[in-house]
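Every chain is numbered from 1 and lettered A, B, ... according to where its sequence line falls, protein lines coming before strand lines.
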Amino acid sequence: MEDDFDQTLDSNYGSSHDKVIVHLDADCFYAQVEMLKNPELRTLPLGVQQKNLLVTCNYVARQFGVKKCMLVSDAKRLCPSLILVKGEDLYDYRQMSTKMTLLLQKFSPLVEKLGLDENFVDVTQLVAETLKSDFAGSRNVEGHIYGDITSRCDCGCYERLCVGSQIASEMRKQLKEELGVTCCAGVAYNKLLAKLVCSTHKPNQQTTLFPAGVSDLMLNLNNVRSLPGIGHRTSEILQSLGISSIEQLQNINLELLEHALGRTLAERLKKLSVGADDMVVKPTGKPQSIGLEDGFRKISLESEVKDKCEVLLQRLMILLAEDGRIPGAIRVTVRKYDNSSRYSHRESRQCNIPSSLFLPKVGTLSSNAHNKLLTSIMKLFHKIIDISKPFHLTLLGVAFTKFQERNTGKGSITSFLVKDISVQSVMNFQNISLHGVEAMECSSSKNAGKQSGSTLNYADKSGSESEPEPSPKKTRADFWRGSRKRSLTESDKDSPNKHRSSELRLSTGEPINEVDFSKLSDGIQEELMESCMSLPSLTDKLGISDNSTPNTSMSIEDNFQTNASQKLWKRLGSNQGPQDQ
DNA sequence: ATGGGTCCT
DNA sequence: AGGACCC
């Protein structure tokens with residue numbers, strides 16, 4: 001009996017309507033970030049270029065027929081006045097992406113990133129809390145409704161998805177007000193449908209899908225390639241079976257499909273074709289790898305390889321310091337020139353590296369570690385390429401993997417920083433300390449300059465923030481609905497929302513590198529350096545998903561601005577958090 | 001294509 | 001280490 005029951009649940013899974021998933025997709029993300037960096041570009045046709053490819057463009061440019069993934073030359077021909085900005089360096093995009101994800105985590109801990117510009121949020125819990133505490137609330141849908149709604153499902157999903165659409169609306173409002181970013185959203189009962197319905201109204205709009213509209217949505221897809229999960233290779237195989245439309249995929253014999261694709265994939269695609277998807281929203285944690293790549297026309301000398309790798313490594317060290325973990329392995333990847341191949345073939349080699357490289361002694365930190373890493377990189381390169389013969393590379397990449405999370409002592413500076421200082425402040429703080437160590441060379445890097453110089457702090461309208469008082473216990477449901485009805489009233493000062501928004505600031509725009517690292521005592525210097533290379537998971541320690549413990553500290557930047565550094569150092573040394581003032 | 005990432009085999 | 005997938 002019980003087995004039968006479980007099986008019924010299993011076979012239903014993926015098509016049951018018990019969850020509420022929101023998919024958010026930032027409009028032409030790279031172009032938006034560039035327009036926030038330089039608002040004069042807003043009214044002009046703007047394209048973001050990587051090498052000879054236009055990776056995205058704003059909606060002004062789209063009116064000229066310019067599209068994503070066009071050759072730059074083609075785009076220029078369509079729109080001679082097109083402004084082009086380089087987008088090979090993803091640093092600013094990554095920063096904004098992080099802030100978007102942090103903002104969404106206020107609504108649910110279940111936030112999954114897909115690339116830099118998309119997030120899935122499972123808001124099932126928040127919807128349930130809202131329905132419980134607000135059973136008489138209005139049940140209107142925010143934004144568009146996709147397709148049919150004449151027949152209503154009786155499982156309760158109508159009310160849940162309505163509330164989901166209201167949450168999505170609030171998410172988009174906050175993304176716009178706090179970060180300046182416009183997004184599309186899709187609301188549905190699984191990930192597949194939320195994502196598919198998201199793109200039915202663009203830009204800066206949202207759409208909710210109810211069960212009655214599912215069939216239309218699926219059948220209106222152009223071909224099987226539009227299904228997330230069917231890529232280049234699988235669609236070619238399907239094509240060879242005579243399958244190109246969703247309807248054909250729905251109707252093909254399962255055993256025939258299994259023969260071509262294997263059981264696992266065949267069964268998944270069959271379900272996807274009718275809009276069933278049982279994938280859970282998996283919270284995105286720290287990355288499994290951090291890497292940089294550079295593509296080019298031709299490299300055929302070992303010295304060029306070494307130069308390229310050195311530049312990549314230098315930029316990579318900054319990303320590594322910001323991440324805070326210590327990598328256990330390094331990987332080198334190359335792409336060889338191959339005129340006969342239509343498919344870009346890569347080869348890679350990796351090796352373990354000693355963690356001692358990242359536990360620096362002050363002053364000797366980097367030239368040593370840097371050289372050893374570069375030596376490892378070149379060894380790996382020689383495993384792939386026999387330099388006694390001519391070679392022709394079109395890409396080089398370096399990546400760190402196998403990260404270890406390091407636990408820190410309770411009395412350490414790291415422990416203090418992680419507990420009481422906002423995320424971005426810690427990052428800036430690392431950079432300050434790195435500036436003081438000659439070998440790191442952060443200040444000579446393009447990226448290091450960006451962090452203290454350019455303001456990604458676009459949407460910060462706040463003046464000085466007073467010390468927040470402990471907020472009364474509020475449920476998440478109270479929080480998001482409350483802030484929706486009265487936009488920024490007095491009691492919002494105490495809402496988790498407000499606390500988080502101060503954490504979400506990227507930088508104050510005030511130069512902060514006057515702090516003289518070398519004047520600190522040796523002991524403090526050493527502990528700081530260690531701290532910077534060993535910060536444990538910041539989001540975990542900061543309790544970002546736990547809005548019942550607001551962050552009551554000043555940011556470290558505020559300390560730098562109001563006080564000369566002396567007082568801060570004293571506090572750090574005595575292991576006391578900043579005092580309220 | 002570009003400059004990233006993911007997971008599975 | 002490569003291959004599929006995602007953006």
Is there a side-chain contact between [X] and the phosphate of [N], meaning an N or O under 4.0 Å from OP1 or OP2?
X         : N      : value
Arg268(A) : dC5(C) : no
His345(A) : dG3(C) : yes
Thr234(A) : dA4(C) : no

When we call it a touch if two heavy atoms are under 4.0 Å apart, what does [X] touch: a base, just sugar-phosphate, or nothing?
X         : value
Gly397(A) : nothing
Arg297(A) : nothing
Lys195(A) : sugar-phosphate
Arg331(A) : nothing
Lys86(A)  : nothing
Leu54(A)  : nothing
Glu88(A)  : sugar-phosphate
Ile230(A) : sugar-phosphate
Gln288(A) : sugar-phosphate
Arg335(A) : sugar-phosphate
Leu292(A) : sugar-phosphate
Gly87(A)  : nothing

Heavy-atom pair of closest approach, residues [X] and [Y]:
X         : Y         : result
Ser81(A)  : Phe64(A)  : OG-CZ, 4.4 Å
Val22(A)  : Met171(A) : CG1-SD, 4.1 Å
Ile326(A) : Ser355(A) : CG2-CB, 3.8 Å

Which one, [options], comes nearest to the side chain of [X]?
X         : options                : answer
Ile290(A) : dA1(B), dG5(B), dC7(C) : dG5(B)
Ser344(A) : dC7(C), dA1(B), dG4(B) : dA1(B)
Lys51(A)  : dG5(B), dC7(B), dG3(B) : dG3(B)
Asp117(A) : dC7(C), dT2(B), dC5(C) : dC7(C)
Ser348(A) : dA4(C), dA1(C), dG4(B) : dA1(C)
Cys69(A)  : dG4(B), dC6(C), dA1(B) : dA1(B)
Leu90(A)  : dG5(B), dG4(B), dC7(C) : dG4(B)

Look at atom NE2 of His259(A) and say whether more than 12 heavy atoms of other residues, nucleotides or ligands are closer to it than 6.0 Å.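 12 or below, so no.
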Begin with the C-alpha distance, continue with both residues' side-chain angles, and end with the deciding distance and a verdict on salt bridge (Lys or Arg N to Asp or Glu O under 4.0 Å) for Glu347(A) and Arg335(A). CA-CA 6 Å; Glu347(A) 286 178 65; Arg335(A) 184 177 61 205; over 6 Å; no
Decide whether Tyr93(A) and Gln32(A) meet the rule of one side-chain donor and one side-chain acceptor closer than 3.5 Å.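 On atom types as modelled, these side chains do not qualify, holding no pair under 3.5 Å.
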